[in-house]
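Letters A, B, ... mirror the listed sequences (proteins, then strands); counts begin at 1.
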Number of protein chains: 2
Amino acid sequence: MTQPNPPFMTGVPELLLLRILEQQEMYGYQLVRSVKQVTAEAISLGEGVIYPALHGLERNGSLKSRRKAVGGRTRVYYSLTRKGKKRLAKLQDDWRRIQNGISTALEVPAHA
Amino acid sequence: MTQPNPPFMTGVPELLLLRILEQQEMYGYQLVRSVKQVTAEAISLGEGVIYPALHGLERNGSLKSRRKAVGGRTRVYYSLTRKGKKRLAKLQDDWRRIQNGISTALEVPAHA
DNA sequence: CTATATACCTTGTACTTCGAGGTATATTGT
DNA sequence: ACAATATACCTCGAAGTACAAGGTATATAG
């Protein structure tokens, strides 16, 4: 077991999912691989993170889903709603603000 | 009340506090202002965040404190231990990894 | 002499990520 | 034919975490 509440991960699943689904419709199992890929292996989210996140996002109206049978198996494809686009924009702003703040704090050793 | 568990903030107080105290000893009330300053106003942490964080960091051996009377008032100054320096290094690594992953994910519109 | 700034602190709330475990069908290897 | 793996969905409990609000007390400023 990794430690719970790992640093800097709060909000990251939500941001990544919305960002990926903004570009194209995808299903859960596929998103597990896609997250790894688009972050250049830097971030990996398990199914225990992806599925609940997807459900929450759909519940609050950021995503909509449709079921699709593919070779005897059922996939649930998710895509962004208008609300999801707004949510993504806000999360990106939050991210950039915090990212800037921390960058500023980490540069300038000042004691050199 | 702001929403609980705000996005991207998990681990940020710990990182910021360790980073600032790495450069110089400070007391809690002073750190509230310092955090704002070193992040160029991008991030602001209240006393309800700072004090518990300081206590936790001291409890786990990352910080040491000494009390100092200043004009009839008592201040508790905190500074980094060897363990705190290691913890800071690890947090910085985590931060950079995630920051890189998200940057990669956010660039390339690809659908342009 | 009252209001504000300094300086410390605690409590409760409302989240969150994560691993582990569970079901079922299709595909691949032998 | 049969076993193992990959695909595809899901739930639950654990262990935190940041935050606002509220509380105490002393010094300084209006």
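Residue pairs meeting the side-chain hydrogen bond (donor to acceptor under 3.5 Å, both in side chains) criterion with at least one partner in residues 29-44 of chain B, sequence neighbours excluded, do not occur; the list is empty. Listed by first then second residue, pairs satisfying side-chain hydrogen bond (donor to acceptor under 3.5 Å, both in side chains) with a partner in residues 82-93 of chain B read B:Glu14-B:Arg87, B:Lys90-B:Asp94, not counting sequence neighbours. The ring-ring contact (aromatic ring centres under 6.0 Å, His included) contacts involving residues 57-80 of chain A comprise A:Tyr27-A:Tyr77, where partners must be two or more places apart or lie in separate chains. The stretch residues 82-107 of chain B participates, sequence neighbours left out, in these ring-ring contact (aromatic ring centres under 6.0 Å, His included) pairs: A:Phe8-B:Trp95, A:Trp95-B:Trp95. The stretch residues 49-66 of chain B participates, sequence neighbours left out, in these side-chain hydrogen bond (donor to acceptor under 3.5 Å, both in side chains) pairs: B:Glu25-B:Arg66, B:Glu58-B:Ser65, B:Asn60-B:Ser62.
Atom-to-atom, CD1 of A:Ile50 to P of C:dG19 comes out at 12 Å; the value is rounded to the nearest Å. As a whole-Å value, the separation of B:Glu14 CD from D:dG16 C1' is 12 Å. Atom C1' of nucleotide C:dC15 and atom CE of A:Met9 are separated by 16 Å, given to the nearest angstrom. For the pair A:Leu16 CG and C:dC18 C1', the computed distance is 16 Å after rounding to whole Å. Look at CD on A:Glu47: it is 9 Å from C1' on D:dT7, rounded to the nearest Å. We find that CZ of A:Arg75 is positioned 12 Å from C1' of D:dA6, with the value rounded to whole Å. At whole-Å resolution of the value, CG in A:Leu91 and P in C:dT16 are 11 Å apart. Taking atom CG of B:Asn5 as the reference point, atom P of D:dC19 lies 9 Å away to the nearest angstrom.
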Validation: residues 96-103 of chain A side-chain donor-acceptor distances under 3.5 Å, sequence neighbours left out:
residue	atom	partner	partner atom	Å
A:Arg97	NE	B:Ala42	O	3.0
A:Asn100	ND2	A:Arg96	O	3.3
A:Ser103	OG	A:Gln99	O	3.0

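Comparing the end axes of the helix from C:dC1-D:dG30 to C:dT30-D:dA1, each fitted to five base pairs by superposing C1' atoms of four pairs onto the next four, gives an inter-axis angle of 30° (nearest 10 degrees).
By the side chain to side chain contact (heavy atoms under 4.5 Å, CB included) test, A:Arg67 is found to be paired with A:Thr74, A:Val76, residues two or more places apart in sequence or in another chain being considered.
Atom CZ of A:Arg19 is separated from atom CG of A:Leu17 by 13.0 Å, given to the nearest 0.5 angstrom. The line from CG of A:Leu21 to CG of A:Leu54 is 6.5 Å long, rounded to the nearest 0.5 Å.
In this model, the phosphate group of D:dC9 is not approached by any side-chain N or O of A:His55 to a distance below 4.0 Å at OP1 or OP2.
In the set C:dT16, D:dA18, D:dC9, the nucleotide with an atom closest to the side chain of A:Tyr51 is D:dC9. Side-chain proximity of B:Val49 to the nucleotides D:dC10, D:dC19, C:dC9 is greatest for D:dC19.
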Discussion item. Under the criterion side-chain contact (heavy atoms from CB on, under 4.5 Å), I'd like the reasoning laid out for B:Val35 against B:Ile50: C-alpha separation, chi angles, the key distance, then a yes or no.
Written reply: CA-CA 10 Å; B:Val35 163; B:Ile50 299 277; 4.3 Å; yes
Discussion item. Quick one, B:Thr81 with B:Leu63, criterion side-chain contact (heavy atoms from CB on, under 4.5 Å). Give me CA distance, side-chain angles, the key distance, then yes/no.
Written reply: CA-CA 5 Å; B:Thr81 61; B:Leu63 295 180; 5.7 Å; no
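Using a 4.0 Å cutoff on non-hydrogen atoms, the parts of residues 56-73 of chain A near DNA chain C are A:Gly71, A:Gly72, A:Arg73, ordered by number. Residues of residues 25-46 of chain A having a heavy atom closer than 4.0 Å to DNA chain D, listed by number: A:Tyr27, A:Gly28, A:Tyr29, A:Arg33.
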